[in-house]
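Proteins come first, then strands; the chains are lettered A, B, ... in the order of their sequence lines, and each starts at number 1.
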Protein chains: 2
Amino acid sequence: MLNAYQIGETLREYSYKMTLQRKAILDIILQNRDKHLSAEEIIEKAKKKNPRIGASTVYRTIRLFEKIGVIQQVFLNDGIMRYHMINPDEKREHHHLICKVCGDVMDVKEDIFEIFEDQIFRKNGFTVTDHRVKIYGICKKCSEEIEYV
Amino acid sequence: MLNAYQIGETLREYSYKMTLQRKAILDIILQNRDKHLSAEEIIEKAKKKNPRIGASTVYRTIRLFEKIGVIQQVFLNDGIMRYHMINPDEKREHHHLICKVCGDVMDVKEDIFEIFEDQIFRKNGFTVTDHRVKIYGICKKCSEEIEYV
DNA sequence: CATGGTATGGAAAACGAGTTTCATTTTCAT
DNA sequence: ATGAAAATGAAACTCGTTTTCCATACCATG
């Protein structure tokens, strides 16, 4: 997983400047590696660090970090784009467990579905290059809470 | 799979009226059972049938047909909602093969991923209720065309 | 250490898919 | 045929996101 220094280097490679605002947004992203923040959540956290940061700067920086491969979009089908740090070691998309109770999003690291690609090719003549899986249900924490009610 | 008559009956059950506009939109949906139309595409086709049909009516009718279980949303992660007829015989979501060359969307009927739900529960304590799978790649037609170039 | 050109920032306007409002028209049970 | 209720189309409005505008900051040069 990338660290702040490596991301600074990547910016410099592309001749983008490391500004205070970008640093603040980068810190937010790094401090929330395991989360799937929306632009609005990033703006809120950024304004806490520095009230002089504008929403357009946050959106621009999000797109910049997308372009240089630091973060990527995650669609959870609620009309809001979320963002997630890219792990350059992963060759393929990972998948998401989405809790219907608390809304928490967890990653499924292992690609448990890879073995089906051959089956899909044989049945449909469709050559698979990638797949994205969203698994809905109830997370551990929420199902424990439900038990004790 | 539902036919025009059954859908008309369903409308009547809920005391919704069958208007010319709703009939036109219904016909478009029935004539494109195998497609995954966006609202914009439905509006375009509806205007061809009857130029006096308004976009808001199409959006309203789409939501109406969703409510009474005629169509359902399909998210393809491009920010545009698409719609697909519901087959009442299917108990669970089916999945989608999306061709990266021609953009065509095909359904995967069999639920090939069901056996993994237990595995996800054991590993993550996450109780799966549903999952949506999007498989990207190159469809049969497109890969044949590529071969002959 | 000026100079000028490029990059950056924030505010506000624009965008676009989708929704709502409201005055008018259509439907359908009577 | 009639009138209450429902449906319609045009236009206004959301709301997340993007772009524009222009002033300011940066940085490699003369």
From CD1 (B:Ile53) to CD1 (B:Ile43), nearest 0.5 Å: 9.5 Å
Phosphate OP1/OP2 of D:dG9: any B:Thr57 side-chain N/O under 4.0 Å: yes
A:Leu20 atom CG, over 12 foreign heavy atoms within 6.0 Å: no
Student check: side-chain heavy atoms of B:Ile135 and A:Glu117 closer than 4.5 Å: no
Rounded distance (nearest 0.5 Å) linking atom CD1 of B:Ile86 with atom CZ of B:Phe65: 12.0 Å
Check against ring pair (Phe, Tyr, Trp, His ring centres under 6.0 Å), B:His84 and B:His94: CA-CA 11 Å; B:His84 190 275; B:His94 59 254; 5.0 Å; yes
A:His95 and A:His131 aromatic ring geometry - parallel, tilted or perpendicular at 30°/60° bounds: parallel
Neighbours of DNA chain D within residues 40-55 of chain B, by heavy-atom distance under 4.0 Å: B:Arg52, B:Ile53, B:Gly54
Distance, rounded to the nearest Å, where A:Phe65 contributes CZ and D:dT17 contributes P: 17 Å
Within 6.0 angstrom of A:Lys134 NZ, more than 12 heavy atoms from elsewhere: yes
Under-4.0 Å salt bridge between B:Arg63 and B:Glu66: no
Gap between atoms CD and P, on A:Gln73 and D:dT18 respectively (whole Å): 8 Å
Positions of residues 2-19 of chain B (non-hydrogen atom under 4.0 Å from DNA chain C), listed by number: B:Lys17, B:Met18
Pairing of B:Asp78 and B:Arg82 as salt bridge, 4.0 angstrom limit: yes
Pair B:Lys67, B:Tyr16: side-chain N/O donor-acceptor within cut-off below 3.5 Å: yes
Whole-Å distance separating the OH atom of B:Tyr59 from the P atom of D:dG9: 15 Å
Shortest non-hydrogen separation from A:Cys99 to A:Ile138 and the atoms involved: SG-CA, 4.0 Å
Terminal contacting nucleotides, 5' and 3', DNA chain C versus chain B (heavy atom, 4.0 Å): C:dA17 to C:dC28
Most 5' of B:Leu20 and B:Arg60 on DNA chain C, judged by nearest nucleotide: B:Arg60
